Amino acid sequence: EVQLVESGGGSVQAGGSLRLSCTASGFSFDDSDMAWYRQAPGNECELVSTFNADGTTDYTDSVKGRLTISQDNAANTVYLQMHSLKPEDTAVYYCAADRGTFSKTRPRGCPRGFHYWGRGTQVTVSS
């Protein structure tokens, strides 16, 4: 059974930092592209960052320079280090894995693109 378990969310003041973790099991982690999405109430589900199997990374423009994605293959874990947080970063953050269009666990409102999804972790940034 595939599992993605996110942790590390919480409440911080603007300018603060958090590190999200996503621990995976049940699939070939080393060979899979990984991603973080986020969804705020009333907003579209947004792709925040990807860590591709070839080691390349991508970020949406609004987080460049503030968020860093990394991966520990030995621990089957992908991280999202977040600095200089802003109130507009407030959202539920979802981990996603293994590119593909079919998914049984994709959160409502999030786009097709990955097979496996976690249940999310809440990040709240107050001003």
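What you see is a predicted model; the values in this text were computed from it and never measured.
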Minimal non-hydrogen separation, [X] against [Y], with atom names:
X: Ser103; Y: Tyr116; result: OG-N, 4.5 Å
X: Ser126; Y: Pro87; result: C-CG, 4.5 Å
X: Ala40; Y: Ala91; result: N-CB, 3.8 Å
X: Asp33; Y: Ala53; result: OD1-N, 2.7 Å

Which distance, rounded to the nearest 0.5 Å, do you find between the [atom1] of [X] and the [atom2] of [Y]?
X: Met34; Y: Ser49; atom1: CE; atom2: OG; result: 11.0 Å
X: Arg108; Y: Cys45; atom1: CZ; atom2: SG; result: 13.0 Å
X: Trp36; Y: Leu20; atom1: CH2; atom2: CG; result: 4.5 Å
X: Arg19; Y: Gln81; atom1: CZ; atom2: CD; result: 6.5 Å

Open item on the list: Could you work out, with side chain to side chain donor-acceptor pair (under 3.5 Å) as the rule, every residue matching Thr56, not counting sequence neighbours?
Closed with: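 Side chain to side chain donor-acceptor pair (under 3.5 Å) list for Thr56, sorted by chain: Asn52, Asp54.
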
Would you find a donor on one side and an acceptor on the other, under 3.5 Å apart, between the side chain of [X] and the backbone of [Y]?
X: Glu6; Y: Cys95; result: yes
X: Asn76; Y: Thr23; result: no
X: His115; Y: Ala97; result: no
X: Ser84; Y: Gly15; result: no
X: Gln71; Y: Val78; result: no

Transitively linked via ILVMFWY side-chain contacts under 4.5 Å: [X] with [Y]?
X: Leu67; Y: Leu47; answer: no
X: Val123; Y: Leu80; answer: yes
X: Phe51; Y: Phe27; answer: yes
X: Trp117; Y: Ile69; answer: no
X: Tyr79; Y: Phe29; answer: no

- [ ] Please report the C-alpha distance between Lys86 and Asp89 in whole Å, then the side-chain angles of each, then the deciding distance to 0.1 Å, and finally whether the salt bridge (Lys or Arg N to Asp or Glu O under 4.0 Å) criterion is met.
- [x] CA-CA 5 Å; Lys86 304 176 181 180; Asp89 294 318; over 6 Å; no

Heavy atoms, side chains only, cut-off 4.5 Å: are [X] and [Y] in contact?
X: Met82; Y: Val63; value: no
X: Val92; Y: Tyr37; value: no
X: Tyr94; Y: Thr105; value: no
X: Gln39; Y: Cys110; value: yes
X: Thr50; Y: Arg99; value: yes

- [ ] For the pair Phe114 and Arg106, evaluate side chain to side chain contact (heavy atoms under 4.5 Å, CB included) and give the outcome as yes or no after the intermediate values.
- [x] CA-CA 8 Å; Phe114 288 85; Arg106 179 167 51 90; over 6 Å; no

Task: Residue pair Thr124 / Thr90, side-chain donor-acceptor N/O under 3.5 Å - done: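 No - no donor-acceptor pair under 3.5 Å links their side chains.
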
